[in-house]
Amino acid sequence: MAYNLLKGKKGIIFGALDEKSIAWKAALKCYEEGAQLVLTNAPVALRMGTINKLSEICGNAPVIGADVTNVDDLKNLIEKSMEHFGGGIDFILHSVGMGLNVRKGKPYTELNYDWNQKTFDISSVSLHKVLKTCWELDALNEHASVVALTYIAAQRVFPSYNEMADAKALLESITRMFGYYYGERKKVRVNTISQSPTPTTAGSGVQGFDSFLSYAEKMSPLGNAPAEACADYIAVMFSDLTRYVTMQNLFHDGGFSFTGVTDKVLNAMKPDA
Ligand code: NAI
């Protein structure tokens, strides 16, 4: 059901790789709620071509390639988006992440620092780059809303999350810091949504993901939040209904973050009789 929450709003969605991507579902939801969109992903991801299907569903939204680590790409993306929209931008979804050490199977205690730096650049500093590019071009409208996606490994240890735990902690810090400056300057809001484990390409890259998923499911009173529900929350965060929410890390995890233990987990832990 649509509520026209984003009627007349214009936004950029980063990171829709395929139909499983959280960004894919978010784009569908924002379009359904009345928004006009520009879609973007890394040039290498665009070569897969899947995003063109999403563009068609979303009223032929322009697809503009940008590597989030490349400031020239981002400048081009923001300028072209403003041209397309005929003015400023109301919302941005940063749904981008990549752990090079994770991908290459390097454990946390043996990190390769070149890869680690690239991980931070793609997964964390890129949010700063996006916001700084918007800042310099004065691209965001008053009360615009920027959301980035994160995971609770930023606060608590999940060993297999590896360097991405540090990347998410940095992402959340950039959210608070830039949220302060952009709030003061133009009432722009910047928040992270901390999502349940979700079966996507990035999610499934975490070692032992299936066990992870089933543990989180048992540890969440509402169960794991699906990607579609995350998309709903993102749409609300882009709407005017949340215009005084900024610099927050918002848990969207079925209650996982505040649960000590559940009966389901205790039952699974029963010592052998
Ligand atoms: P996904 O694999 O569908 O999306 C990740 C996206 O990042 C892809 O579209 C990929 O092309 C893009 N990307 C990677 N390097 C890039 C670069 N250099 N420039 C531009 N784009 C680049 O996976 P998912 O799960 O939808 O991930 C979206 C966000 O949600 C990520 O930040 C992830 O860490 C976060 N998240 C995911 C969870 C999960 O369990 N799947 C849980 C909590 C947060």
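The chain is numbered in sequence order, starting from 1. Counting convention: from 1, in listed order, for ligands and their atoms alike.
- Taking the six-membered ring where the residue is Trp, Trp135 and Tyr181 present perpendicular rings, their angle passing 60° and hence far from 30°.
- Qualifying side chain to side chain donor-acceptor pair (under 3.5 Å) partners for Asn112, counting only residues two or more places apart in sequence or in other chains: none.
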Only distances under 3.5 Å count here; give the side-chain donor-acceptor pairs of residues 27-37 to other protein atoms, sequence neighbours excluded, each with its distance to 0.1 Å.
{"residue": "Glu33", "atom": "OE1", "partner": "Tyr3", "partner atom": "N", "Å": "2.9"}
{"residue": "Glu33", "atom": "OE1", "partner": "Asn4", "partner atom": "N", "Å": "2.9"}
{"residue": "Glu33", "atom": "OE1", "partner": "Leu5", "partner atom": "N", "Å": "2.9"}
{"residue": "Glu33", "atom": "OE2", "partner": "Tyr3", "partner atom": "N", "Å": "3.2"}

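- Pairs of residues two or more places apart, or lying in two chains, that qualify as side-chain hydrogen bond (donor to acceptor under 3.5 Å, both in side chains) and include a residue from residues 114-125 are Asn116-Glu163, Thr119-Glu163, Asp121-Lys129.
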Go ahead and list the nitrogen or oxygen contacts between ligand 1 and the protein that come in under 3.5 Å, distances to 0.1 Å, or just say none.
{"residue": "ligand 1", "atom": "2 (O)", "partner": "Ala202", "partner atom": "N", "Å": "3.0"}
{"residue": "ligand 1", "atom": "3 (O)", "partner": "Ser21", "partner atom": "OG", "Å": "2.6"}
{"residue": "ligand 1", "atom": "9 (O)", "partner": "Gly15", "partner atom": "O", "Å": "2.9"}
{"residue": "ligand 1", "atom": "9 (O)", "partner": "Asn41", "partner atom": "ND2", "Å": "2.8"}
{"residue": "ligand 1", "atom": "11 (O)", "partner": "Asn41", "partner atom": "OD1", "Å": "2.7"}
{"residue": "ligand 1", "atom": "11 (O)", "partner": "Asn41", "partner atom": "ND2", "Å": "3.4"}
{"residue": "ligand 1", "atom": "18 (N)", "partner": "Asp67", "partner atom": "OD1", "Å": "3.1"}
{"residue": "ligand 1", "atom": "19 (N)", "partner": "Val68", "partner atom": "N", "Å": "3.0"}
{"residue": "ligand 1", "atom": "21 (N)", "partner": "Asn41", "partner atom": "OD1", "Å": "3.3"}
{"residue": "ligand 1", "atom": "23 (O)", "partner": "Thr200", "partner atom": "OG1", "Å": "3.2"}
{"residue": "ligand 1", "atom": "25 (O)", "partner": "Thr200", "partner atom": "OG1", "Å": "2.5"}
{"residue": "ligand 1", "atom": "26 (O)", "partner": "Ile22", "partner atom": "N", "Å": "3.0"}
{"residue": "ligand 1", "atom": "32 (O)", "partner": "Val96", "partner atom": "O", "Å": "3.0"}
{"residue": "ligand 1", "atom": "32 (O)", "partner": "Lys168", "partner atom": "NZ", "Å": "3.0"}
{"residue": "ligand 1", "atom": "34 (O)", "partner": "Lys168", "partner atom": "NZ", "Å": "2.8"}
{"residue": "ligand 1", "atom": "40 (O)", "partner": "Thr198", "partner atom": "N", "Å": "2.7"}
{"residue": "ligand 1", "atom": "40 (O)", "partner": "Thr198", "partner atom": "O", "Å": "3.3"}
{"residue": "ligand 1", "atom": "41 (N)", "partner": "Thr198", "partner atom": "O", "Å": "2.9"}
{"residue": "ligand 1", "atom": "41 (N)", "partner": "Thr200", "partner atom": "OG1", "Å": "3.1"}

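- Counted within 6.0 Å of NZ on Lys187, heavy atoms from surrounding residues, nucleotides or ligands total 12 or fewer; the atom is thus considered open.
- Inspection of the Thr201 and Asp18 side chains reveals an N or O donor paired with an N or O acceptor under 3.5 Å.
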